[in-house]
Structure formats: structure tokens, C-alpha cells
Amino acid sequence: MSNDGQPAQDPLIDETQVEQRRSAAARLFDIRRVIGGLFVAYGIIVTLIGIFDSRAEIDKAEGVRINLWAGLTMLVFGLLMLLWQWLRPAEPPAPNEHQPGA
Amino acid sequence: MDGDGLRLNMNGLDYLILALYFVTVLGVGFAARRAIRTSVDFFLSGRSLPAWVTGLAFVSANLGALEIIGMAANGAQYGVMTVHYYWIGAVPAMVFLGIVMMPFYYGSKVRSVPEYLRLRFNRPTHLLNALSFAVAQVLIAGVNLYALALVMQALLGWPLWTAIVVGAAIVLAYITIGGLSGAIYNEVLQFFVILAGLIPVTVIGLVKVGGWNGLMDAVADTKLGEAGLHAWQDTGSTANPLGAHWIGIVFGLGFVLSFGYWTTNFAEVQRALSAKNMSAARRTPIIAAYPKLVIPLVTIIPGLVALVTVQGLGAESGDLQYNNAIPLLMRDLLPNGVLGVAVTGLLASFMAGMAANVSGFNTVFTYDIWQAYIRRDRSDEYYLRVGRWATVAAVVIGIGTAFIAAGFSNIMNYIQALFSVFNAPLFATFIIGMFWKRMSALAGFWSLLLGTLVSLSLYLLYKGGVVDFNSDLEESFWGAGLAFVTAVVVAAIITPLTSPKRDEELRGLVYGMGGVDLKGDVLAGDAVWYRSPVLLGLIAVALAALFYIPVF
């Protein structure tokens, strides 16, 4: 490769770039699973609270069954996150760490 | 109202929701640990993250302590004009960062924003910026922590020191263990939890006042009056709620302040540097611009609802300060259940802000201070260890500053305002250095130093009563503008008198010098049109302009 394509070199940056070839970043889990899981749990809890809401609680929220609606919305959102992860799993890590030389 | 003031009536289920969140946050930190083997894994997530993750973390890092509470307060105090902080005061700068500046940041493989200054100019410029950034970050982390503790004290009745230590311990744990991946993943989670907390308040608030039209009619009858409903209409003079002329809004807020903050603040840019390739890095701030466009719906609308529904809002002190707009609505409108989610969202926002400061600090401290000036040529494992200890130190110092802030809360607010003004000369130095290859290393140093001194002096003269401005906001417009001009003039004078850097040293750092490869690491899916950074950025700016039409 001609020198034109490369940015200016710096010893400190080059050192960490070399070390980066043994990166463990590929072992990072997928955050969609955590977001999905937490929101499904929140959805179930808040929906159940909403089902058993008393008149006083509904009146406090200006007559809106906010727990029910918010709970169901969070539940659906959480399930969509999990569905997204299931349909489009994370891509395998890009193989640029294995390029010979720096 | 009862005598407990802001105290919320939380029950066991609300606390269950809060506890679930804390457990999840810690779990994310521990689970991210196995992905850390090198220092880049710890400080930059191994440059491996997809754009939607870094983009949401980018916006979440800014959704910190003073942002949500503060913007709702501004909404109640200044009305619809508060949207300027989002649509002209953020979105254009975020798009500019992604399209124009990110190729130099990401392409040069620098590990931090100060490091760019080391390569582009010289070590003194670098050290000046690295030190001021590091000091600012721990101080602001302390302010965030103190604000978090104040809210926990007011809403939950926790003693101040318990709240400070608990908040700090959680942030400390997940960043020390999980590194930047722990911070970024939690920021993405926080983004959704914050929204889940704010949307119910907004919806019920709107129901209470009779929808959008009801809100507009009611605001017109308050002390803000008709002027509270327009963003631009009265800006031909300073006789509007914000006290700002349109020139000040466009150039002061929209250009100097906003570009200074968004394009040079490493706590933000770090999220983009952790993206997996150039395309993802460029899309990071642009993806973040889309939530930024609509966040005013869940901050300014609650602020306005509080203005019309809470009698006596706007007191100088006590429970009815503007800053309590959102907590007051939560108390009055949310039943148990969504209340727990809202409290969780609020606490999440405070931790997001502090975590961004801490993870920015540990990277700059390790790479830009320790490795560059104190202990060079050690192993990568050594710097990884330094980073973990720097995190501990940052949080401990943050606790210290939080307790100082408890005694001098006004002074800490000033410090925050002060550091935001520091960004203007930094931005000037960056933007000239990126586009004018002749600008010399010495010019970079003096531009940054003198620009900073000018904004600092004006600020101190204003606070000392020597110079007079209509508002703090007007002072910051002028301070930032003057600092920017100073940096430009200094660069123009010193550059011809000093020797330039050699062309090959500037490759990849300066416009027109080559060395920036926008397509080299592109993945198969990134070439599609809807992932084009330029197209996405232009749509975001166009939407920001369109959103102004209904509230002109």
C-alpha cells in the first residue's frame, strides 16, 4: 500500500494498535438482550400493578390507566428488542486484527 | 400539599423497580469484563461497537444531571424558546462533527481529543488541554454526584451522604470493572429508562391541561404570556423571555457555544471513537441527533405543564423553584408503578452524566498524562491497571468535590459555566488547525492559551461586577464569541512568524493532506444509502428547521 493512504505515524498510538490485535472485544455480549430483559420485567410488573389499580390511583393520573398502558408499552418494547436480536444477531467481528504487519 | 414537600410516596413495588435497575447496571459492568484484555478494550471498547449503540450512548452521555432537570426548568422559565438549546444549539454541531470532523478524529487513530492536539500541534498544547480537561471532568463529576444526592434526598428522603456514596459506588463499580463498554452499554440502557420515566409524566401532564392546544392557551395566560409560545418571533430585540437577540442565538449559541461543546468535548467524542469502523464513527453523533430533536417534547412540555398547573412555581428558594418542575409533576400525577419507573429514569440520568465524566477522565489521565509525560514505554497491561486506578481516583475525588459542592452550590454552578466557556477557544484552535495546514504548532498553543484567558477574564470581570450583561446567558455568548475571535487573530498573527509543520506530519490530521480513508474499513452493509452519514446528517438538520415552523 502506498504511503498516501496512511495517516501520520505516532509511536504511542502504534503501540496500542499493535496490542489491539489480541483484543477481547469480540467476547462482548449483546446489549439488546439486557434492554429486552429489563423492559419485559418492568412491563410485567407495571402491567400487573395497572390491572389492580384502584380508583384513587386512576384519578391521580387524570383518569388515565397509565400503569396499564405504560406497562404494556414497555412489555412490547422489551419483546421487540429481544425479537430484533433473535432475527439479526450481532455480526461476527471484523477480521482486521489479523492483518499481517501494522 | 403535605408537609413533606417534594417527598414521593414510593411503595415496595417502586423500590423493586429501582432495585432491579441497580442490579442490572452492575450486572452489565461485570458481564463486560470478559471483553477486556487490552487498554483499548478498556478505554475505547476495543473500537468494536455498532453505530446505534455508540449513537445512543452519545446522546445519553449528555442527558445528565443538569440537562433534564435544567431544560424542564428552562421550559417553565423561558417557554418554547428553550428549543433553541436543541434544534440550533445541538443538532447542527452534532451533524458537523459526524460529517466533517470525525474523519480526522477516527481516521488518525488518536485515542482521545487532546491526543489530536499533540499530533497536530505540539506537546505543550496537548498538556494544557489534557490537564484542563481532566480537572474539569472530576469537578463536573462531583457536581453531577451532588445533584444526584440532592434529588435522592428530596424525593426519597435519603441522607445526603448516603446518596452520594451509593451513587458513586455504583458508577465506580461498573466502570472500573467493565471499562468504557460497561459505561456505554449502561448509557444505552439509561437512554431507554429515562424515556420510559419521562413519557408518562408528559402524557398525563398533557391530558391534565387539555392537550397541546389547551397547554398553549394556558401558557398564554401565565406570566410568560404569548411570548412563551414562540421561538423566533420576538428575537429582533432582546425583549423576549430568553433575553437574546437572534444574532446571539445563531452565532453565540448555535455556532460558538454549541460547536465548542459537541465537537471537542472528549466525554462525548469518546463514544464515537469506540465505534467499529469509520462509517459507524461518523454516524454516531448523527444518530444521536435524532433523539436530540425530540427530547424537548419530554423536557420542555413537562416544564410548561408545571408552569400552568403548579401554583407559585418560580420561587427563588424552597420546593417551588423551577428546577423542581419534573419532580413536582411526578409527585402530583404519577401513581405507584410508573412512579418507580420515573424515579429510576431520573437517577439513571444522573448516573449517565457522571459516568461520562469519569470514563473521559480515566482515558485522558492514562494516555495523555501518565503515558505521555510520566511513565512511558511500559506494557499495555500496565496502562490498563493505571486506567482502573484512575477510575477509582476520579470517583473518590468526585465524592470530595460533591461534598465541597454541598457547601458552595452556587460556586460549583459557576465552575460548570466556566468550563463550558473554555470550549470556545478549543473549538477555534481545532477548526483552524484542521483546515489551515500552515497553522504552526506555536500558534496552536498561543491560540488556545490566550483564547482561554480572554473568556476567563471576561467571566471574572462579569462576576466581579466590572462588566455588565443582561443575563448569564448573554455573558456566555459574548465570552465564547470573544474567545473565538481571539484564537483566530492569534493564529493569524503568530503563524507567519513561526515555522510550519512538515506535510507528512499532518497526513490524516488536516483537510486536503490525504491520509483519510472514508471507505477502507467499510463493512458490506454500510454502503447502503440509508447509512450514508452525509444523507442522514442533512435530514437531521432539515428536520430541525422544519420543527421550528409550528412554534415560530
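Protein chains get the first letters and strands the later ones, always in sequence-line order, with residue 1 at the start of each. Predicted, not measured: the structure shown is a model, and the values here were computed from it. Values reported hereafter were calculated over all heavy atoms of this structure, with side chains retained and with hydrogens, waters and symmetry mates removed.
With a threshold of 4.5 angstrom between heavy atoms, B:Leu16 approaches chain A through side-chain atoms but not through N, CA, C or O. Proximity to chain B (any heavy atom under 4.5 Å) is shown, for A:Gln9, by neither the backbone nor the side chain. Proximity to chain A is limited to the side chain of B:Arg118, based on heavy atoms less than 4.5 angstrom apart. Proximity to chain B (any heavy atom under 4.5 Å) is restricted, for A:Ile45, to the side chain, taken from C-beta onward. Contacts of B:Ser45 with chain A are made by backbone atoms alone, with heavy-atom separations under 4.5 Å and no side-chain atom involved. Residue B:Ser379 does not touch chain A at all, counting heavy-atom pairs closer than 4.5 Å. Heavy atoms closer than 4.5 Å to chain A are found in the side chain of B:Val341, but not in its backbone. Heavy atoms of B:Val53 lying under 4.5 Å from chain A belong exclusively to its side chain. At a 4.5 Å heavy-atom cutoff, A:Ala56 makes no contact with chain B through either its backbone or its side chain.
Annotation: B:Phe30, atom CZ; neighbour count of heavy atoms from other residues, nucleotides and ligands within 6.0 Å does not exceed 12. Counting heavy atoms of neighbouring residues, nucleotides and ligands inside a 6.0 Å radius, atom CZ of B:Phe22 exceeds 12 of them. For A:Trp84, the CH2 atom counts as densely surrounded, since its 6.0 Å shell holds more than 12 non-hydrogen atoms of other residues, nucleotides or ligands. Environment of CH2 in A:Trp69: sparse, with no more than 12 heavy atoms of neighbouring residues, nucleotides or ligands closer than 6.0 Å.
Atom CD of A:Glu19 and atom OH of B:Tyr383 lie 11.0 Å apart (nearest 0.5 Å). Rounding to the nearest 0.5 Å places CG of B:Leu189 at 7.0 Å from CZ of A:Phe39.
One N or O on the side chain of A:Arg27 and one on the backbone of B:Arg34 form a donor-acceptor pair closer than 3.5 Å. In this structure a side-chain-to-backbone donor-acceptor pair under 3.5 Å is missing from A:Tyr42 to B:Leu20. When atom types are taken as modelled, the side chain of A:Asn67 and the backbone of B:Asn336 share a donor-acceptor pair closer than 3.5 angstrom.
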Identify each donor-acceptor pair in which a side-chain atom of residues 195-207 of chain B lies under 3.5 Å from a protein atom, sequence neighbours left out, and give them as a table.
residue	atom	partner	partner atom	Å
B:Thr202	OG1	B:Leu198	O	2.8

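Heavy-atom pairs under 4.5 Å with chain A were tallied for B:Gly340, B:Ala31, B:Ser48; the largest tally goes to B:Ala31. For the set A:Ile49, A:Asp53, A:Leu12, A:Val46, the count of heavy-atom pairs under 4.5 angstrom toward chain B peaks at A:Leu12. Counting heavy-atom pairs under 4.5 Å between each of B:Leu509, B:Ile184, B:Val193 and chain A puts B:Val193 at the top. With chain A as partner, the option from B:Glu505, B:Glu504, B:Gln371 having the largest number of non-hydrogen pairs under 4.5 angstrom is B:Gln371. Counting heavy-atom pairs closer than 4.5 Å to chain A, the top-ranked of the candidates B:Leu49, B:Asn277, B:Leu334, B:Ile36 is B:Leu334.
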As a quick check of understanding, evaluate side chain to side chain contact (heavy atoms under 4.5 Å, CB included) for B:Asp377 and A:Glu15, giving each step before the final call.
CA-CA 9 Å; B:Asp377 296 326; A:Glu15 268 171 42; 3.5 Å; yes
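Residues B:Asp380 and A:Val18 fail the side-chain proximity criterion, which asks for heavy atoms closer than 4.5 Å. The shortest side-chain heavy-atom distance between A:Thr16 and B:Phe43 does not fall under the 4.5 Å cut-off. The closest side-chain heavy-atom distance from B:Arg47 to A:Gln17 is below 4.5 Å. Put simply, the side chain of B:Leu119 reaches to within 4.5 Å of the side chain of A:Ile13, judged on heavy atoms.
The heavy-atom pair separating B:Ala32 from A:Phe29 by the smallest distance is N-CE2, 3.6 Å. A pairwise comparison of heavy atoms in B:Val338 and A:Ala70 identifies CG1-CB, 3.5 Å as the closest pair. In plain terms, the two heavy atoms of B:Asp41 and A:Ser23 that are nearest each other are OD1-OG, 2.7 Å.
Proximity to chain A among residues 104-113 of chain B is limited to B:Gly107, B:Ser108, B:Lys109, B:Val110, B:Arg111, judged by heavy-atom separations below 4.5 angstrom. Contacts with chain B (heavy atom to heavy atom, under 4.5 Å) involve these residues of residues 31-38 of chain A, listed by number: A:Ile31, A:Arg32, A:Val34, A:Ile35, A:Leu38. Proximity to chain B among residues 57-66 of chain A is limited to A:Glu57, A:Lys60, A:Ala61, A:Glu62, A:Val64, A:Ile66, judged by heavy-atom separations below 4.5 angstrom.
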